[in-house]
Each structure stands twice: as structure tokens, then as C-alpha cells.
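Data first, discussion second: the structure below is written as C-alpha cells.
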Amino acid sequence: MLLRLPTSLPEAQECLRDGATPVGGATLVWAAWQRDGFPEQAVSLREVPEANVLEAGEIGAAVLLHRIDEQVPEVLHRAAAGIGTGAVRRTATVGGNIVGSTLRCLLPAALVLDARARALAAEGPFEADLAELLAKKPLLLSLRWNDPLVSGYRKVAETPGGPPPLVVATAVHAGDRPVLRVAVRDGYDFLSESVPCDTPADTVLDTLSGTAMGALPAEAREVVREQVLSTLERTEGL
């Protein structure tokens with residue numbers, strides 16, 4: 001297998017035109033390649049500047065998880081810090097986790113941040129929402145978002161040998177009417193809802209229960225309730 005390391009977007013586009021398979025930290029694809037066979041060419045964005053940005057409002061797809069710090073909202077920082085072991089976080093990338101993984105541990109955080117993707121095709125870079133990104137799986141360059149007023153994250157204890165642990169991510173965004181965004185990973189399923197939050201907390205919870213969140217198992221609904229209340233409390237006085 002030839003691993004190509006472009007240093008610019010035009011070089012990366014050339015790799016895509018040549019049929020190179022995107023690879024992040026290879027923490028997930030390596031075992032599959034060993035089983036099914038290696039591609040003739042793979043392309044990594046680890047040398048492309050646009051894929052390595054880490055700043056307020058944007059994070060590159062090639063950023064290693066262990067580099068994600070307080071520059072980004074709390075929900076994204078905590079989500080990254082809870083993935084795997086230290087060795088995994090020093091190898092795995094943002095793009096590999098969101099696009100190349102079935103666990104997609106960073107996805108709930110990206111959903112509540114209302115993030116948009118900047119992706120790359122052979123024809124050049126383009127903007128996409130998260131639904132398009134997950135459906136078509138183009139080569140991710142970076143995620144961009146508007147910082148929320150507050151955000152939060154909770155991952156329940158993992159059961160050995162069981163399904164992926166429940167994750168609840170929350171964020172409150174400013175506007176003419178503040179909005180609470182909630183995203184949940186329940187097993188391998190993901191839910192995301194937005195509700196106004198300029199009303200009492202009980203009203204916010206009632207509104208949320210009228211969405212798909214209300215169909216979650218009782219244990220999951222209780223974790224969502226606790227996380228929402230904790231997030232709303234932090235908005236007081238803002």
C-alpha cells in the first residue's frame with residue numbers, strides 16, 4: 001500500500017482523483033484492511049494545514065483527539081477526553097471518529113454545536129451539513145460552529161461487552177430566543193432535538209419529552225433530564 005501525504009489541498013485533490021482511500025489515524029480501518037486486503041493507495045491529511053486547524057469555532061479533521069483542549073466548547077473537549085485510552089487519543093483523529101467510526105463519539109457534541117462540515121472532493125472543497133457528511137462520507141477537512149453560551153456532556157459507565165454507553169450532549173445557543181440543543185447516542189442510534197429554553201426548566205423538559213427524546217428508555221430519559229437541568233442552571237445570569 002502506498003500512503004500519500006499531501007501538503008496542500010490541490011495535492012489532496014490529486015490523490016482523490018487517483019482513487020486513494022482516505023485514512024485518519026488508522027485505529028479503526030487497519031484491522032479491516034488486514035482482514036479484507038489493503039488498498040493500493042491511501043491518503044492522509046496530517047500534513048495539510050486546513051485539516052490541522054484548532055481554534056475557536058473550528059477544528060480540523062486531522063487533529064489528534066489528545067490535542068483537543070479548552071480552545072473548543074466544553075462539550076467537545078469532554079467528548080474527546082472520554083474516547084478510548086491515552087494511546088488511542090494520541091493516534092485517532094477527529095475525521096476518523098466522526099466519518100470512519102460506527103461509535104462516532106464526537107458526533108453528539110458536533111450535533112449540539114450545530115456544526116457544519118468543510119469537506120473535500122476531487123473537484124475542490126465544499127460545505128456540507130452533518131447529515132450529508134454522514135450519508136455520503138466525503139473526505140472531511142474541518143468542522144465549524146458558533147460557540148454556545150454553555151454546553152455540557154455526560155457519558156454513563158460502560159458495561160464490559162455491552163453496547164456503546166449512553167452519551168448525552170447539551171448546548172444552549174443565544175439568539176432572539178435562546179435554544180437548547182440535545183443530542184443522544186443510545187446504542188448505535190443518534191437523536192438530536194432543539195427546543196426553546198427561555199421558559200421555566202419544567203416547561204423545557206415537557207417540550208423536549210414531546211419530541212423523539214420522549215421515546216427513549218426510562219433510564220436514558222432520566223440521564224437526559226439531569227443533564228438538561230444541569231445545563232440550564234448554568235445559563236442563569238448570562
Side-chain angles (χ1 to χ4, degrees), residues 24-25 27-29 59 61 63-66 68 72-85 88-89 91-117 128-137 140 143-145 148 150-173 179-195 197 204-205 207-232:
T27 56
L28 295 169
V29 299
I59 189 168
V63 171
L64 300 177
L65 300 184
H66 81 99
I68 301 177
V72 303
E74 176 186 340
V75 64
L76 185 55
H77 181 201
R78 291 181 59 190
I83 295 173
T85 63
V88 168
R89 292 190 293 274
T91 306
T93 64
V94 170
N97 183 271
I98 290 182
V99 181
S101 168
T102 56
L103 297 178
R104 294 173 177 162
C105 301
L106 296 181
L107 181 57
L111 288 169
V112 299
L113 292 176
D114 198 19
R116 287 190 59 80
D129 60 26
L130 291 178
E132 181 181 359
L133 179 74
L134 298 178
K136 298 182 178 179
K137 296 186 177 180
L140 180 64
L143 293 176
R144 295 174 174 174
W145 63 86
V150 298
S151 64
Y153 178 85
R154 182 172 173 186
K155 181 178 182 180
V156 304
E158 188 169 358
T159 302
L166 178 75
V167 166
V168 180
T170 50
V172 173
H173 293 265
V179 171
L180 169 73
R181 295 182 64 88
V182 182
V184 172
R185 183 187 71 187
D186 180 33
Y188 291 96
D189 296 325
F190 293 84
L191 295 175
S192 178
E193 297 290 347
S194 300
V195 296
C197 61
V204 175
L205 288 169
T207 303
L208 192 63
S209 68
T211 69
M213 295 286 175
L216 288 167
E219 297 85 353
R221 293 200 307 273
E222 179 59 22
V223 176
V224 170
R225 187 189 73 84
E226 293 173 356
Q227 185 61 36
V228 166
L229 290 175
S230 174
T231 301
L232 293 178

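At least one side-chain heavy atom of Leu103 sits less than 4.5 Å from a side-chain heavy atom of Tyr188. Side-chain contact check for Glu219 versus Glu222: every heavy-atom pair is 4.5 Å or farther apart. Phe190 has its side chain within reach of Arg104: a pair of non-hydrogen atoms, C-beta onward, lies under 4.5 Å apart. By the 4.5 Å heavy-atom criterion applied to side chains, Val172 and Val179 are not counted as neighbours. Counting heavy atoms from C-beta outward, Leu113 and Pro148 have side chains that approach closer than 4.5 Å. Proximity of Val228 to Val182: side-chain heavy atoms (C-beta onward) are separated by under 4.5 Å at one or more points. Val184 is listed as a side-chain neighbour of Leu166, based on a closest heavy-atom distance under 4.5 Å. Side-chain contact between Tyr153 and Val112 is absent, with no heavy-atom pair separated by less than 4.5 Å.
A distance of 11.0 Å separates CZ in Arg154 from OG1 in Thr231, rounded to the nearest 0.5 Å. Expressed to the nearest 0.5 Å, how far CG of Leu143 lies from CG of Leu106 amounts to 8.5 Å. Distance OG1/Thr211 to CG/Leu208: 4.5 Å, rounded to 0.5 Å. Rounding to the nearest 0.5 angstrom, the gap separating the CD atom in Glu226 from the CZ atom in Arg221 is 13.0 Å. From Cys197, atom SG reaches atom CZ of Arg181 across 12.0 Å, with rounding to the nearest 0.5 Å. A distance of 12.5 Å separates CG of Asn97 from CG of Leu64, quoted to the nearest 0.5 Å.
The shortest heavy-atom contact between Lys155 and Pro165 is CE-CG, 3.5 Å. Residue Cys105 comes nearest to Ala79 through the heavy atom pair O-CB, 4.1 Å, listed as atom of the first residue, atom of the second, then distance. Across every non-hydrogen atom of Ala80 and Arg89, the tightest pair is O-CD, 3.2 Å.
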